[in-house]
*Asks:* 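Please find one structure pasted underneath; my questions will follow.
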Amino acid sequence: MTTKTVEIHLLAGQANILTNFEDRILAAIAGTGAGKTMTGYWWLHSRMETYPGFTWGVAEPTYKMLDRIILNSSDPERPTLEQYFRSIGFAPQYSKQEGIIRTNRGQIYLYTAENPDTMQGAPVKGFWLDEGGQMSLKAHETALQRCSMLEGQELITTTPYNLGWLLTEVVNKKGKGIAVEQWRSIDRPGFPKASYEYMR
């Protein structure tokens, strides 16, 4: 098996997330368009290289979001997850019927958090909740349960919506096996300053 070397330029928060193999929960909380989803791609890439052969979980808040963000992409700077894996030599094969992307480094089960009970199943080495701030506490707890047997990590990437459990169970408990990184949309190179100022 050969894979391609990919050169990426990381923000400090992204680098801290990707190099942290110790904490059980990693949270990347950043503005719209700040590179959170690509951080999830890179996290999966690095973990699957480090721990080949394992199963992983990825969830979006809804099926529409799973379809528009992970399975398809309207962002010209971000490929689909399958396209990204193909570009690095992971040889992905997506089964829509099963909701699985199989690669030569392991397999990824795709979920939506609309009903967290559907996220249950066999142990996984890691679980990524994209836009986790839109999910319920039960989705977060389910992801952690799925990771517990294999002592895996949970990655949460999200815009800071109404923080709720994200504040009480993650941000406020930072440092207890929990790492939280935060950055602004404008910190991403190329993000339009005029758009940032307008939204602010």
Side-chain angles (χ1 to χ4, degrees), residues 1-11 14-28 35-113 118-132 139 142-158 179 181:
M1 284 185 293
T2 60
T3 57
K4 296 181 182 178
T5 300
V6 178
E7 182 177 336
I8 56 177
H9 301 278
L10 301 171
L11 300 173
Q14 291 173 316
N16 291 339
I17 290 287
L18 296 177
T19 57
N20 185 337
F21 284 76
E22 302 301 320
D23 290 310
R24 187 174 183 204
I25 300 171
L26 307 175
K36 301 179 300 298
T37 301
M38 280 309 303
T39 302
Y41 283 19
W42 296 329
W43 177 80
L44 276 172
H45 179 177
S46 66
R47 273 44 181 184
M48 292 173 79
E49 284 278 16
T50 305
Y51 307 111
F54 282 95
T55 297
W56 308 81
V58 173
E60 290 284 348
T62 67
Y63 179 77
K64 284 186 177 180
M65 293 179 72
L66 181 68
D67 183 58
R68 294 173 183 171
I69 297 171
I70 300 298
L71 300 176
N72 296 286
S73 175
S74 59
D75 184 345
E77 296 184 15
R78 180 178 52 77
T80 68
L81 185 57
E82 186 179 10
Q83 289 167 340
Y84 176 77
F85 280 152
R86 187 171 295 112
S87 75
I88 60 172
F90 274 24
Q93 293 184 333
Y94 170 56
S95 169
K96 183 175 181 178
Q97 182 178 0
E98 296 175 293
I100 300 173
I101 297 176
R102 292 183 173 85
T103 78
N104 56 24
R105 288 293 189 277
Q107 59 187 358
I108 301 156
Y109 282 76
L110 304 176
Y111 301 95
T112 69
T118 64
M119 295 166 54
Q120 293 287 2
V124 296
K125 187 62 176 171
F127 212 118
W128 170 30
L129 303 182
D130 190 37
E131 294 300 354
T142 300
L144 286 176
Q145 290 167 7
R146 295 286 306 279
C147 294
S148 61
M149 174 72 85
L150 300 177
E151 298 182 307
Q153 284 184 319
E154 176 194 30
L155 171 66
I156 303 165
T157 55
T158 189
E181 296 293 334

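When a residue number appears, it is its place in the shown sequence, counting from 1. What's counted below: heavy atoms across the whole structure, side chains too, no hydrogens, waters or symmetry copies.
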*Asks:* How many angstroms lie between CZ in R102 and CD1 in I100, if you round to the nearest 0.5 Å?
*Replies:*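 One gets 4.0 Å once the value is rounded to the nearest 0.5 Å.
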
*Asks:* Is a donor from one side chain sitting under 3.5 angstrom from an acceptor on the other, for Y109 and R146?
*Replies:*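 Side-chain D/A pair, Y109 to R146: absent.
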
*Asks:* A quick test of your reading: do over 12 heavy atoms of other residues, nucleotides or ligands sit less than 6.0 Å from CD of Q120?
*Replies:*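 Check passes, neighbour count above 12.
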
*Asks:* Does the side-chain contact (heavy atoms from CB on, under 4.5 Å) test come out yes or no for L26 and W43, once each step is laid out?
*Replies:* CA-CA 10 Å; L26 307 175; W43 177 80; 3.7 Å; yes

*Asks:* For the pair Y41 (side chain) and P79 (backbone), establish whether a donor and an acceptor sit closer than 3.5 Å, ignoring hydrogens and angles.
*Replies:*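 Pair found, side chain donor or acceptor close to backbone of P79.
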
*Asks:* Check whether any side-chain N or O of S73 sits under 3.5 Å from a backbone N or O of R78 as a donor-acceptor pair, and report yes or no.
*Replies:*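 Checked: pair present.
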
*Asks:* Which atom pair, heavy atoms only, marks the closest approach of G57 to Y111?
*Replies:*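 Scanning both residues, the minimum pair turns out to be CA-CE1, 4.3 Å.
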
*Asks:* Spell out, as yes or no, whether a donor-acceptor pair under 3.5 Å connects the side chain of R24 to the backbone of C147.
*Replies:*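 No, R24 side chain to C147 backbone: no donor-acceptor pair under 3.5 Å.
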
*Asks:* Would you tell me whether T157 and D130 have side-chain atoms, one donor and one acceptor, within less than 3.5 Å of each other?
*Replies:*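 Result is yes, a qualifying pair exists.
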
*Asks:* If every non-hydrogen atom of D23 is compared with every non-hydrogen atom of A179, which pair is closest and at what distance?
*Replies:*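 Answer, listing the atom of D23 first, then A179: OD2-CB, 3.5 Å.
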
*Asks:* Decide yes or no for R105 and E49: does some side-chain heavy atom of the first lie under 4.5 Å from some side-chain heavy atom of the second?
*Replies:*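 Result yes, sub-4.5 Å side-chain heavy-atom pair found.
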
*Asks:* In Å and rounded to the nearest 0.5 Å, what is the CD to OG1 distance from Q107 to T55?
*Replies:*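 Rounded to the nearest 0.5 Å, the CD-OG1 separation comes to 4.0 Å.
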
*Asks:* At their closest point, which heavy atom of R47 faces which heavy atom of N20, and how far apart are they?
*Replies:*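 Nearest heavy atoms, R47 then N20: NH2-O, 2.5 Å.
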
*Asks:* Measure the spacing between CG of N16 and CD of Q14 and express it to the nearest 0.5 Å.
*Replies:*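 Here the rounded value is 10.0 Å.
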
*Asks:* Could you tell me which non-hydrogen atom of L150 sits nearest to which non-hydrogen atom of K125, and how far apart they are?
*Replies:*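 Result for this residue pair: O-NZ, 3.0 Å.
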
*Asks:* Got a second to check how far I17's CD1 is from E181's CD, nearest 0.5 Å?
*Replies:*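 Between I17 CD1 and E181 CD, I get 5.5 Å after rounding to 0.5 Å.
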
*Asks:* State which residue, out of V58, L155, I101, T103, fulfils the side chain to side chain contact (heavy atoms under 4.5 Å, CB included) condition with L44.
*Replies:*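 The residue from V58, L155, I101, T103 that satisfies side chain to side chain contact (heavy atoms under 4.5 Å, CB included) with L44 turns out to be V58.
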
*Asks:* Do you know the tightest heavy-atom contact between M119 and A139?
*Replies:*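 Distance-wise, the nearest heavy atoms are CE-O, 3.6 Å.
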
*Asks:* Going by the side chain to side chain contact (heavy atoms under 4.5 Å, CB included) test, name the single residue among T80, L110, I108, L81 that passes it with Y94.
*Replies:*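 The single option meeting the side chain to side chain contact (heavy atoms under 4.5 Å, CB included) with Y94 is L110.
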
*Asks:* With rounding to the nearest 0.5 Å, note down the distance linking CD1 in I156 to CD in E131.
*Replies:*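 So the CD1 of I156 and the CD of E131 are separated by 12.0 Å.
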
*Asks:* Measure the OG1-CG distance between T39 and L10 for me, rounded to the nearest 0.5 Å.
*Replies:*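 T39 atom OG1 to L10 atom CG measures 7.5 Å (nearest 0.5 Å).
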
*Asks:* Considering all heavy atoms of both residues, which atom of G126 and which atom of W56 are nearest to each other, and what is their separation?
*Replies:*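 Closest approach of G126 to W56, heavy atoms only: N-CE3, 3.3 Å.
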
*Asks:* Side chain of N104, backbone of G89: donor and acceptor closer than 3.5 Å?
*Replies:*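 Flag set: sc N104 to bb G89 pair under 3.5 Å.
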
*Asks:* Under the side chain to side chain contact (heavy atoms under 4.5 Å, CB included) test against E60, which residue among I70, D67, L129, T112 passes?
*Replies:*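 The passing option is I70.
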
